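Report on the following structure.
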Amino acid sequence: MQREHKLRSYSLNSVCAHFLGEQKEEVHHSIITDLQNGNDETRRRLAIYCLKDAYLPQRLMDKLMCLINYMEMARVTGVPFNYLLSRGQQIKVISQLFRKAFEQDLVIPAVKVEGTDEQFEGATVIEPEKGFYNVPITTLDFSSLYPSIMIAHNLCYTTLLDNKEIENLNLKAEVDYITTPYNSARFVKPNLRKGLLPTILEDLLAARKKAKAELKKETDPFKKAVLDGRQLALKTSANSVYGFTGATAGKLPCIEISASVTAYGRQMIERTKQEVESRFCIANGYKHNAHVIYGDTDSVMIKFGVNNLIEAMELGREAAGYVTEKFLNPIKLEFEKVYFPYLLINKKRYAGLYWTNPNNWDKLDTKGIETVRRDNCLLVQNVVETCLRKILIDRDVSGAEEYAKKTISDLLQNKIDMSQLVITKALSKQDYSAKQPHSCLAERMHKRDPGSAPTLGDRVAYVIIKAAKNSPAYEKSEDPIYVLENNIPIDTNYYLENQLSKPLMRIFEPILGNKSNSLLSGDHTRVTKNTTPTVGGLMKFAVKTPTCLGCKTPLTGNDIPVCKHCKPKLGELFQKQLDVVNSLEIHFARLWTQCQRCQGSLHQDVLCSSRDCPIWYMRKKAQKDVADATGILERFNHAW
DNA sequence: GAGGGTACCTAC
DNA sequence: TAAGGTAGGTACCCTC
């Protein structure tokens, strides 16, 4: 799951909730013995727990068609099935190399390589002309850029030449071999020897083409997803071939190949920009001068100057065909989509409404910004997503502003559910050089309970709690469950200043300019209601309050927080609270039979355990309220 | 408080 | 032991 899918949590429970819409039974290990030694009912619950844990992984594999997909990958690459699970990309490339080399009676040398730290130069990212574009922006992409470069120029171990070979074989430049833009590396032309890598890549691309054709014909949404996964896997495999040649810590690195590939790529994106801008201009009879506003590796975003989709698409097709002609087969520049409107925030960060036909938009596409990142809390993700939808789809900027303001106001008044504030980050190292919120929390949790603490590779979930002024974030991170159980207040200001403000400003600034500052100041940022504890709000008045509940006079050495004078009056108050608690319990008892998110059935006294399930928090909160209230009442009655 | 360095995650 | 690549934004820690 971790390898193939990017999720916020990889617990069995949350993965199943994500893919199956079903959750596991929650049974803490400490009560297993009691359940077993109990009665038929408790043993039944234990049995359900065991059964579910067994069949959920099975159902997951069925749903994701793991067997079929892996089998297919094993066939394509020629590696044993279990290598696909236990090993990386390299073995797949090596295996294909061995296969092709064997056909041609070639032996691949076993090279001892000491990995170097040196990197070779990668792709070009065109400096973006940041801003909000209320005109169609046409996007052209090279399809499978790196594989097609390797095929077009016949880049391979078996075609790489050195001086001695050129001399011995009496090869002529340009006629017999080419010189690449990287360090004048030379490769023979395919008519003298066709490389192994280009052959492998052609096979992979053909397989991908087939999968894509089937994808187009398929109507069943799930089979479509599988085919899409397959063509993506073939694409990754094809791209891995380039990566393999550049893997200095690998089995057969060849920087001449990988660095030549990226060097060609850099030339090509530059050339594309120049060709488009010099052809599509007023001087050549077009209505406007085309301008490339951004591009990354294999793509260019073009402002043709037209203001309707049909023209933007026609020009896109024309430009793609025009540029493709300038390059060798099978290099192909394709028109795929138009963004309209388009918000270009920075390199690798943009959002736009995605059109493939002029009649209906396909989707809201966002790249790199908070909506697609897993290291933000859901609040940020949801606010940014909603604001973008309002701006780009509804064209309602003031509505987006209002929504952002409302959210800020809700946040500062503690009205946001804590599940929206949970941040997750992967714990990827054993020793961190600098302290960090998630690593420090993992350490603290380990001290509390080594059994349940996150370990290397896990994603750590945390919230930021109130602490002394200016204390660093790594002291303010806390386990959401612990916060809930101990009624610890959340640092809402942190969420405004360190989580929400910058992402919001980045979206609104290109549209509103200086006016966007008003988002973060004004009435909505005033805290009108005092920040109460974020959880367990119902019965918060008692126990720790050192003043009388009725007349507010300070109390000393009194277990019950009321004075004798007020006690009789409070009897009524407690009855009211009890009624609330009872109705709440009934309400939640009804709720508890079904997870409100996934509709999975739940044992009545079992909690849905997904930490980012809002209902989970509601139930946990209600349980705590009931427990608190019961405790208070017991003590109160006893003293009375 | 500025600026460098680290960590994380993403785009391609 | 085995490990696809580089570019790049952002947040936070640490040092000066």
Side-chain angles (χ1 to χ4, degrees), chain A residues 3 6-8 77 83 86-94 96-97 113 115 117-128 130 139 141-147 150 197 232 235-255 257-263 265-266 269 294-301 345-350 365-377 380 423-429 431-440 459-460 464 470-477 494 497-503 505-506:
Chain A
R3 187 183 290 204
K6 286 187 174 170
L7 304 175
R8 277 175 178 261
T77 59
Y83 278 18
S86 62
R87 303 188 59 177
Q89 293 291 332
Q90 290 211 33
I91 193 67
K92 295 197 249 176
V93 182
I94 295 174
Q96 292 173 82
L97 262 177
V113 199
D117 291 341
E118 271 169 59
Q119 278 191 325
F120 58 91
E121 192 178 346
T124 299
V125 183
I126 295 174
E127 194 59 46
K130 303 172 198 172
T139 305
D141 288 79
F142 285 105
S143 55
S144 302
L145 177 69
Y146 287 178
M150 294 174 87
L197 294 182
L232 272 174
K235 182 186 178 180
T236 314
S237 281
N239 282 337
S240 301
V241 173
Y242 146 77
F244 174 81
T245 65
T248 48
K251 290 278 177 213
L252 206 59
C254 183
I255 299 304
I257 297 175
S258 46
S260 294
V261 169
T262 55
R266 292 193 298 275
I269 192 171
Y294 179 58
D296 185 347
T297 310
D298 63 351
S299 65
V300 283
M301 277 64 166
I345 293 168
N346 216 334
K347 281 183 175 179
K348 299 190 188 281
R349 302 192 136 229
Y350 57 83
D365 202 21
T366 53
K367 294 291 166 85
I369 53 187
E370 285 69 22
T371 49
V372 296
R373 292 183 68 89
R374 295 175 293 171
D375 52 356
N376 283 107
C377 61
V380 174
I423 302 166
T424 63
K425 273 196 170 123
L427 190 64
S428 61
K429 298 177 104 178
D431 293 301
Y432 284 88
S433 59
K435 289 175 174 172
Q436 292 198 65
H438 68 300
S439 65
C440 288
R459 294 187 65 81
V460 184
I464 297 294
N470 292 331
S471 36
Y474 60 81
E475 283 175 7
K476 303 205 287 183
S477 57
Y494 173 91
E497 279 165 21
N498 297 53
Q499 293 277 129
L500 264 183
S501 74
K502 283 186 179 172
M505 288 305 283
R506 283 192 289 262

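Quick caveat, the model's predicted, so the values are computed rather than measured. We use all heavy atoms of the structure for the numbers below, so side chains are in, but hydrogens, waters and symmetry mates are not. Throughout, a chain's letter reflects where its sequence line sits, starting with A, and its residues are numbered from 1.
- Heavy atoms of A:Gly122 sit under 4.0 angstrom from primed sugar atoms or phosphate atoms, though from no base atom.
- Counting heavy atoms from C-beta outward, A:Phe120 and A:Ile255 have side chains that approach closer than 4.5 Å.
- Look at A:Tyr494 and you'll find a side-chain N or O under 4.0 angstrom from OP1 or OP2 of C:dC12.
- At distances below 3.5 Å, at least one donor-acceptor pair connects side-chain atoms of A:Tyr432 with backbone N or O atoms of A:Ser428.
- Remark: side-chain polar atoms of A:Arg266 are paired, donor with acceptor, to backbone N or O of A:Glu121 under 3.5 angstrom.
- In this structure, A:Lys435 places its NZ atom 7 Å from P of C:dC14, rounding to the nearest Å.
- Atom-to-atom, CD1 of A:Ile255 to C1' of C:dG4 comes out at 12 Å; the value is rounded to the nearest Å.
- To the nearest angstrom, C1' of C:dA7 lies 12 Å from CZ of A:Arg266.
- A:Ile91 has its CD1 atom 12 Å from the C1' atom of C:dA3, to the nearest Å.
- OP1 or OP2 of C:dG4 has not a single side-chain nitrogen or oxygen of A:Asn239 nearer than 4.0 Å.
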**Request:** Let me see the working for A:Lys435 and A:Glu475 under salt bridge (Lys or Arg N to Asp or Glu O under 4.0 Å), right down to the final yes or no.
**Result:** CA-CA 9 Å; A:Lys435 289 175 174 172; A:Glu475 283 175 7; over 6 Å; no
**Complete:** In B/S/- notation (B base, S sugar-phosphate only, - none; protein heavy atoms under 4.0 Å), nucleotides 6-12 of chain B written 5' to 3' is SSBBSBS
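- Note on A:Asn346: a side-chain N or O is less than 4.0 Å away from OP1 or OP2 of C:dT10.
- Here A:Ala249 lies in heavy-atom contact (under 4.0 Å) with a base.
- Among the atoms of the strands shown, only primed sugar atoms or phosphate atoms (P, OP1, OP2) are found under 4.0 Å from some heavy atom of A:Arg506.
- Comparing atom distances between the A:Phe120 side chain and each of C:dC14, C:dG9, C:dT6 picks out C:dT6 as nearest.
- Proximity of A:Gln119 to the phosphate of C:dT6: a side-chain N or O atom is located under 4.0 Å from OP1 or OP2.
- Only the C1' atoms considered, C:dG4 is 14 Å distant from B:dC12, to the nearest whole Å.
- Residue A:Leu145 contributes atom CG, which lies 16 Å from atom P of C:dT6 at whole-angstrom precision.
- Whole-Å rounding puts the A:Glu370 CD to C:dA11 P distance at 7 Å.
- A heavy-atom distance below 4.5 Å is not found between the side chains of A:Gln499 and A:Glu370.
- What you find for A:Leu427 and A:Ser439 is that their closest heavy atoms are CD1-CA, 3.9 Å.
- Remark: P of C:dA11 and CD of A:Glu497 are 13 Å apart, rounded to the nearest angstrom.
- Taking for each of A:Tyr146 and A:Thr124 the nucleotide of DNA chain C with the nearest heavy atom, the 5'-most of the two is the partner of A:Tyr146.
- From A:Lys130, atom NZ reaches atom CZ of A:Arg349 across 11.0 Å, with rounding to the nearest 0.5 Å.
- Per the geometry, CD belonging to A:Glu118 stands 15 Å off P belonging to C:dG5, to the nearest Å.
- Shown here for A:Gly265 and A:Leu145, the closest heavy-atom pair between the two residues is CA-CD2, 4.4 Å.
- Put simply, the side chain of A:Ser240 does not reach to within 4.5 Å of the side chain of A:Lys92, judged on heavy atoms.
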**Request:** Using a 3.5 Å limit on both pairing distances, list the dot-bracket string of DNA chain C from the 5' end; Watson-Crick and G-U wobble pairs count, crossing pairs take [ ], interstrand pairs take |.
**Result:** ....||||||||||||
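- A:Arg459 and A:Thr424 share a donor-acceptor pair across their side chains, judged by distance under 3.5 Å alone.
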